[in-house]
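Owing to the predicted nature of the structure, the values given are computational and were not obtained by experimental measurement. Counting starts at 1 for both ligands and their atoms, following the listed order.
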Amino acid sequence: MKNRTKVVVIGGGIAGCSTLYHLTKEGWSDVVLVERDELTSGTTWHSAAQVTNFGMNQTMVGLKSHSIALYKKLRDDPEYPVGYHHGDGGIRLANTEEQMQGYRHFASMARGMGVEFEVIDAEECARRHPLISTENLLGGLWDGEDGDIDPAQLCQALAYHARKAGAEVYRNTAVTGLRQHKDDTWTVETTNGNIDCDIVVNACGYRVNEVGAMMGVHHPVASMEHQYFVTEDIDGIVQAGHRMPLLRCPISDYYSRQEKNGLLVGFYEQDCKPWGMDGISSSFSNDLCPDDLERVMDVLEGAFARMPVLADVGIKRVVNGPITYTIDGAPLVGPIPGKRNAFCIIGLRAGLGEGGGHGWLLAQQIVHGEACYDTWCLDPRRFTGHANVELTSLKAIEDYQNEFRFHFPHEHRPAGRPAKTTPLTPILAAKGAEFTVVNGWERVDYFKPSPDFHPRHTFDFDESFDVIAKEVELVQTKVGLTEVNGFNRIEITGADRHSFLDRMMCGRVQKRDGRVGLGYLLNHHGMIKAEATVANIPASDRGPDRVWYGSAAASEYHDMDWLTSHVQDDEDVQFKSLTNDQTILVLAGPRARDVLSKAARGDWSKAAFPWLSVRECFIGFAPATVMAVSFSGELAYEIHVPNSALYAAYLALTDAAVEHELGLFGARAVESMRMEKGFLHWKSDLITEFDPFETGLDRFVKMDKPDFIGKAALENRIRKGVQKRLVSLELDCDHAPAYGGASLMQGGDVVGTITSGAWGYRVGKNLAYAFIDPKLSEIGTCVKLNLLGQLVAATVCAPSLYDPNFELLR
Ligand SMILES: Cc1cc2nc3c(=O)[nH]c(=O)nc-3n(C[C@H](O)[C@H](O)[C@H](O)COP(=O)(O)OP(=O)(O)OC[C@H]3O[C@@H](n4cnc5c(N)ncnc54)[C@H](O)[C@@H]3O)c2cc1C
């Protein structure tokens, strides 16, 4: 066994084997995999091993396409062939029009990744899968690439090719300890001796937290027992003359695929069972949980009704094994929060279908710092302080119970809520707030007109359309108040804070006391990494000279990691997160200045406190820091208040506003208004796949600065010219907004992809943003949007349709 290597991958299931293989493909051959038992002795060996191309976003579709292409290559490799039934096809069923709508959206989205799904009716479903009944069925989504693979052969083949490229695999070698050194390198302690390395990767399946604990972290991953059975031969299959497609049934929560001449049928029962919550026996290896078919009786009945043949056929084998889940169902693939040189590829619940792609994206991140797709939907840092073991388990149960029922737009399921609240949450709830969830925070979405107001789950505009219209009107004509909790705020102190930020950001950094600036951080490839406001607060009894770095709520761990990992040894810079200590009250509308002037002493006139100013003050007697910034495009103030004084500040503002007809508004109104202004959202419109010029942020880039992170790469990109361009679009459609991922078409070709969409109430238009072929980015150019299966006209329009000269917010 080596005692020094570059990377140690811990765990020899599909996650570890795929990572090892792809590290060698990315050019790193001095890499090692350690496995406590034999390869595939965790969950992988007993997997149903279905491989599908379906994903809820383009990154998932893209990585699954990579799996499929890789598995085909391995199948056809004469040296080490792998058993892979590719192209049996698969159907996701639907019994509601809303589900069908969702499938039409997913088909539009997948087309942009070169993947063709078909939305088919019930008769066509039954024609393609002759064993199913069309009772209570509307249709389904057909994925022609679906199939299944031999999981053990797959892992052995990946390990074989990795070894051939120089990697080493140590079986029967358990990791027992992890020690990190001052230079961020690691010593991996194993039952067969120590290995020093630069980077560790946790790929330990359901034992993820045993290894997590060795480095002092808890990963939000929980295991569930999951069960399938395999039937005796079925005559109908033999007679069909073709292999049965895969089937996924959100109506009765089961799936099936062909296994020899019978079926493998797996269940997602409501009466489901978490596993390993209080520790896992060290001898549980190559093992299963006891059969428990009683538990799946509730879904068995539906499965029998859909596939009557199941009632007449014997069961040959039952498999019940642990499967891992995270808080949102997607795995955690990427850097481990708060750690250096440590990555994970964990929480895989469809690891065979996805594993090829996850290992590929992880290896790219390890070797190049970033992957070819934006990987935020997989990033372990997307969950923060709330992601504890109990909450993860509740979300795992909920997700398991809804395995094939995708989330509708604006749908936030109830388990694990409310995770993060402020003193105002119950007050706003009593006023009728409907909440959305942002990084665990309960954030006001809109105010319900009556307690029993429950809009449908649909991709169309729903019943909240007019409610949001009223909130926008309030902000446009009078004054509104909303709470923005969880906003990421990092206090940066130290003499070098500005020179540090100057290196981190690609544009001019605002350095003047009392002023606020907006800027962008690039990665080393010159692509958009983060967006932040920089507010300079002079020394006071509340602290020394300091910068408040503000960014999206979800970026709490992400941005802190990025900033702290770039501090140089001789730099005087300190960071303190205020994210959980302060909340923003946003006062917006033409009367906002009047209300603020009444609530807080001082001169708040345009001359004394212009747009992009920051000042400490008291709202009533509540200490506050006010910034003149606006995401709505109206005159607005962000009032940052410590949570302990939040209610006091709220009372002071509402008291001061009595004569100004202050009302409350929520995030959906803001979403509409920011689209009318051309303002962008991190991880919807601002992603690592595009540089600042492609994203239309030219005015925020100063190429004449001596240096900044990403500058050299950006210079190269400038030489090549923009590949895509972000544009605003006006859609010729008034029944549904555009959704991220939907494809823009010209003729039969995909020419662009939607990033955001919302109705613009103040301009009376259905608006969207999209990255599009630069040739089509001129204002007035018309293309077609595949919106829920229909082609609607989409015309490029000005980026800021409402108040284009930015006069109102000044
Ligand atoms: C019944 C069932 C059916 C499924 N069907 C499908 C399906 O149809 N399609 C699909 O895509 N997915 C399916 N899955 C899920 C899929 O099998 C898993 O997502 C996948 O196998 C997880 O792989 P992994 O590598 O993350 O974990 P594992 O396979 O569990 O591998 C982790 C490895 O880490 C090793 N390890 C742990 N601790 C240590 C240590 N301290 N030192 C060294 N090594 C260690 C373990 O021994 C193990 O080999 C199914 C799962 C179940 C339970």
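If you look at Pro151 next to ligand 1, there are no close heavy atoms at all, none under 4.0 Å. Using a 4.0 Å cut-off between heavy atoms, Thr324 makes no contact with ligand 1 at all. Within the 4.0 Å heavy-atom criterion, the part of Arg349 lying near ligand 1 is the backbone and not the side chain. Residue-level proximity to ligand 1 for Gln50 is carried by backbone and side chain together, each with a heavy atom below 4.0 angstrom. Residue Tyr228 touches ligand 1 through its side chain alone, judged by heavy-atom distances below 4.0 Å. With a 4.0 Å cut-off on non-hydrogen atoms, Ala203 touches ligand 1 through its backbone and not its side chain.
Checked by distance only, ligand 1 and Leu352 come closer than 3.5 Å through their nitrogen or oxygen atoms. At under 3.5 Å, a nitrogen or oxygen of Glu35, whether backbone or side chain, sits near a nitrogen or oxygen of ligand 1. At under 3.5 Å, not a single nitrogen or oxygen of Gly16, backbone or side chain, sits near a nitrogen or oxygen of ligand 1. Of the polar atoms of Glu210, none of the N or O atoms is found under 3.5 Å from an N or O of ligand 1, judged by distance alone. In terms of N/O distances under 3.5 Å, ligand 1 is approached by Leu348. Annotation: Ile10 places no N or O atom under 3.5 Å from an N or O atom of ligand 1; distance criterion only.
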**Request:** Applying side chain to side chain donor-acceptor pair (under 3.5 Å), run through Asn341 and Thr185 and close with a yes or a no.
**Result:** CA-CA 7 Å; Asn341 292 348; Thr185 62; over 6 Å; no
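Side-chain contact check for Asn192 and Thr190: no donor-acceptor pair (N or O, by modelled atom type) lies under 3.5 Å. In the model, Glu26 has no side-chain atom that pairs as donor or acceptor with a side-chain atom of Tyr21 under 3.5 Å. A side-chain N or O of His22 and one of His66 form a donor-acceptor pair less than 3.5 Å apart. Residues Thr187 and His181 have side chains that bring a donor and an acceptor to within less than 3.5 angstrom of each other. Gln270 and Asp298 are not linked by any side-chain donor-acceptor pair at a separation below 3.5 angstrom, with hydrogens and angles left out of the test. Remark: the Asp374 side chain and the Thr59 side chain contain no N/O donor-acceptor pair separated by less than 3.5 Å.
Under a 4.0 Å heavy-atom criterion, Ser285 is not in contact with ligand 1. Judged by the shortest distance from any of its heavy atoms, Ala174 lies inside the 4.0 Å radius around the atoms of ligand 1. In this structure, His226 has a heavy atom closer than 4.0 Å to ligand 1. Under a 4.0 Å heavy-atom criterion, Gly355 is not in contact with ligand 1. At least one heavy atom of Tyr255 sits less than 4.0 Å from an atom of ligand 1.
Ion pairing of Lys339 with Asp184 is absent here, as no side-chain N (NZ or NE/NH1/NH2) approaches a carboxylate O to less than 4.0 Å.
Sorted by first and then second residue, the ring-ring contact (aromatic ring centres under 6.0 Å, His included) pairs involving residues 149-180 (not counting sequence neighbours) are Tyr80-Tyr160.
Note that Arg382 lies outside the cation-pi zone of Trp376, set by a 6.0 Å cut-off to the ring centre and a 45° limit from the axis.
What sits closest to atom 27 (O) of ligand 1 on the protein, heavy atoms only, is Gly205 CA, 3.4 Å. For atom 16 (C) of ligand 1, the closest heavy atom belonging to the protein is Gly351 N, 3.7 Å. Ranking protein heavy atoms by distance to atom 42 (N) of ligand 1, first place goes to Val175 N, 3.0 Å.
In this structure, Lys64 has no salt bridge (charged side-chain N to carboxylate O under 4.0 Å, His left out) partners at least two apart in sequence or on a different chain.
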